[in-house]
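Notes follow once the structure below has been shown.
Quick caveat: nothing in here was measured; it's all calculated off a predicted structure.
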Amino acid sequence: MHSEHASESHSHGTVEPSTSAKYFCPMCEGVYSDRPGDCPKCGMRLERNPAFKAETSKIWTCPMHPEVQESSPGQCPKCGMNLEPEAPAMDDDSGEQQEISSLKLKTVIAGILTLPIILLAFDNMIPGLSFEGVLSPRLQAWLELVLATPVILWAGGMFFARGWRSLLSRNLNMFTLIMLGVGSAYIYSVVAVLFPGLFPDTFRKHGEVQLYFEAGAVITTLILLGQWLEARARSQTGQAIRSLLDLAAKTAHRLTDDGSEEEVEIEMLQKGDRLRVRPGEKIPLDGKIVEGKSRVDESMITGEPVPVAKGVGENVIGATVNQTGSFVMEAEAIGDETVLSRIVSMVAEAQRSRAPIQKLADQVSGYFVPAVVLIAVITFVVWSVWGPAPAMAYAMVNAVAVLIIACPCALGLATPMSIMVGVGKGAQNGILVKNAEAIERAEKITHLITDKTGTLTEGRPSVVYLQSTEGQDEEDMLRLTAAVESQSEHPLARAIVQHAKTKGLEIPEIEDFESITGGGVCARVNSAKILIGKRGLLEENGVLIPEAFKADAEGLQIQAKTVIWVSKDQELLGLMAIADPIKQSSKEAIQSLHALGISVVMCTGDNLRTAEAVAKELDIDIIHAEVSPEDKQRIVKELQARGKRVAMAGDGINDAPALAAADVGIAMGTGTDVAIESAGLTLVKGDLRGIVGGLLLSRAVMRNIRQNLFFAFIYNAVGVPIAAGVLYPFFGILLSPMIAGAAMSFSSVSVVTNSLRLKRLRLDSGKE
């Protein structure tokens with residue numbers, strides 16, 4: 001059986017989650033399968049993984065010589081034509097649609113057959129309708145049996161199959177209760193039709209044995225309806241991944257050695273291929289522009305609607321859309337290496353993860369079904385002994401109602417449905433969630449630690465001021481500084497090198513380059529020692545700095561400019577001021593963070609005056625200046641020691657210690673540099689607004705989970721006692737098994753439907 005295969009696959013570890021698992025159970029952790037079927041634990045239909053990638057070896061053949069078959073693209077050895085892939089097996093969602101269609105067909109047929117059963121059973125209660133004198137009670141009973149049998153055994157047969165498997169595997173679930181409830185009502189009624197003389201008076205009303213075909217048929221039909229609606233709703237939970245996968249380009253225009261173009265499938269591309277991308281076309285793969293320029297719509301990756309200008313040497317991301325210009329790019333990532341593939345893989349894995357809040361539901365579910373069966377038995381005994389006549393009939397009805405109304409399915413779906421929809425919503429807006437635990441932790445954040453350069457500022461610093469000492473040449477100082485900084489990867493270093501190139505200066509060779517942590521850099525140029533960095537670094541090395549220069553530097557720092565000092569063989573050459581404009585979105589984002597009750601902490605390696613100038617403009621709560629990556633980790637732990645919940649935003653590499661120490665690490669990145677596996681949340685676009693969106697998403701998802709758990713608990717907490725008849729002694733109210741069936745179906749549907757509301761969430765406001 002498929003379900004047995006699913007369990008075996010997981011226990012032996014032969015099928016892994018995320019993109020390699022073709023089917024999974026949305027309720028039960030660790031149940032994966034490469035074939036469709038039912039979950040061996042909860043009995044639910046296994047759900048197709050929208051991120052599944054078939055591990056198939058594609059065969060490449062020649063359109064003119066089909067006998068030529070190769071395992072990789074190339075040219076035909078006979079005629080020289082490009083080999084083409086054989087038609088691949090389509091891995092669509094046909095299985096999922098077949099299940100929905102099957103449930104719809106069974107629901108419709110069951111409904112058509114159930115209607116006359118209801119008319120036969122309640123003819124005396126419907127004004128103007130009576131079969132008395134037309135049909136004898138005996139014939140009515142047989143008609144109900146004939147009509148109810150296909151409804152219960154054919155349309156509802158899968159419930160009995162799943163319920164029986166749950167008994168054999170000792171994984172009691174919703175279908176155990178359905179099998180016991182509907183099965184008891186059906187078998188009891190069949191025996192009553194075939195052998196009515198076996199029943200004593202306690203089972204009779206007006207001399208006839210009470211039949212429950214209508215209850216079994218209506219319950220089956222209502223549960224089928226609920227399963228159909230639930231399947232339709234669940235099919236939308238994977239829509240985020242499918243929409244991302246659909247964005248990928250199918251073909252590309254590859255440039256050949258002779259300069260011509262050929263249209264090829266994406267699977268045929270190799271690293272290093274040169275590809276032509278025209279206006280309006282999707283960029284085929286991740287790569288770098290080598291000719292031309294354009295503006296690229298990266299909204300499907302970053303969530304940012306404004307197209308980004310791209311030129312020679314800049315990276316482009318596969319599946320984004322070229323807007324205005326034409327360019328040639330070189331492919332640098334193929335297959336699973338692309339940003340889109342990594343995002344899909346991460347989203348799929350996060351959707352399968354379990355939030356800590358799920359542990360409560362799991363613990364309750366473990367005792368749920370045995371407890372309900374016990375309550376049903378007690379209900380039957382109490383009504384059969386102390387109930388009014390016919391006592392056994394009342395006992396039967398109420399025990400079945402208890403079994404039917406209980407729904408562990410809603411309890412099991414409460415958390416995973418919200419996680420699946422929420423993670424997908426985040427991915428569509430450039431917010432990648434590593435696992436469900438990160439969502440739960442992010443909701444409780446009180447402090448956000450963030451860097452300055454590239455997060456609060458544009459991250460594109462430029463040299464705005466140079467001042468050399470008397471007798472020194474500014475261009476010579478810039479030339480020497482650029483030579484040393486050319487070996488550094490710091491954004492400020494790149495700004496200096498770019499400024500020197502803009503002025504057309506020749507940058508000399510250097511030797512003995514050394515990076516001084518938290519201070520600056522030094523190297524030798526033509527045997528002279530060039531020292532570049534903070535004022536303290538130069539003073540520690542015996543460089544004398546005039547008071548006038550110190551005053552000028554302080555004035556520049558108050559204007560939020562970073563000052564770089566330069567010396568040559570312990571002689572001051574001068575200073576440079578570098579400005580990095582504050583992002584227009586930073587002030588708005590910090591206001592939003594404050595509105596969420598979150599304090600913003602800026603940790604920067606820059607000097608205190610520059611940090612204070614930025615903090616004053618942006619209304620930042622706490623400042624830590626001239627800090628190293630190790631200092632950031634210490635600051636995180638100090639806040640946690642005071643009982644604060646800390647989120648750390650960094651690049652995922654230099655800030656790794658602080659990201660690991662924080663309650664939630666937030667990796668900031670752009671394009672192909674996204675550090676997808678470095679933190680709990682990854683923002684494809686390095687922007688504070690993404691942090692706001694991620695925190696709003698976490699709060700919305702956790703609120704949705706609590707709503708779902710409330711729905712699940714309240715249905716069962718209220719429904720089971722009412723079904724057992726606790727209101728009868730006071731108000732004379734009994735719950736029909738048919739109403740119980742409708743309530744059970746509605747509970748699961750309401751949980752899934754409520755989860756789907758997250759698709760309408762606006763991450764700029766947290767509202768729907």
Within-4.5 Å side-chain heavy-atom neighbours: V423 and I439: yes
Parallel, tilted or perpendicular: ring planes of Y186 versus F213, cut at 30 and 60 degrees: perpendicular
K425 side-chain N/O to L761 backbone N/O, donor-acceptor pair under 3.5 Å: yes
Exercise: identify the closest heavy-atom pair between T379 and A399: CG2-N, 4.0 Å
R138 versus V193, closest heavy-atom pair with distance: NH1-O, 2.6 Å
V701 and E440, any side-chain heavy atoms less than 4.5 Å apart: no
Full working for side-chain contact (heavy atoms from CB on, under 4.5 Å) between M396 and M392: CA-CA 6 Å; M396 180 71 181; M392 296 301 291; over 6 Å; no
Side chains of F711 and N754 in contact at under 4.5 Å (non-hydrogen atoms): yes
Within-4.5 Å side-chain heavy-atom neighbours: V182 and I404: yes
Test item: T107 and Q227 side chains (from C-beta on) under 4.5 Å apart, heavy atoms: no
Nearest non-hydrogen partners of I405 and N716, listed with the distance: O-OD1, 4.0 Å
Heavy-atom pair of closest approach, residues I419 and A436: CD1-CB, 3.7 Å
Minimum heavy-atom distance between M179 and F159, given as atom pair plus value: CB-O, 4.4 Å
Heavy-atom closest pair, residues L709 and A414: CD2-CB, 3.6 Å
Check: L103 and M158 side chains under 4.5 Å, non-hydrogen atoms: yes
Counterpart residues, salt bridge (charged side-chain N to carboxylate O under 4.0 Å, His left out), relative to E443 (two or more places apart): R706
D38 vs R165 side-chain heavy atoms within contact, under 4.5 Å: yes
pair E437-P356: side-chain heavy atoms closer than 4.5 Å: yes
Backbone N/O of E214 and side chain of E144: donor-acceptor pair under 3.5 Å: no
Polar side-chain atom of W383 near backbone of A724 as donor-acceptor pair, under 3.5 Å: yes
Stepwise side chain to side chain donor-acceptor pair (under 3.5 Å) check, N708 with S418: CA-CA 8 Å; N708 286 347; S418 297; 3.0 Å; yes
Heavy-atom donor-acceptor pair, T753 side chain to S750 backbone, under 3.5 Å: no
Check: T149 side chain, V146 main-chain N or O, donor-acceptor pair, under 3.5 Å: no
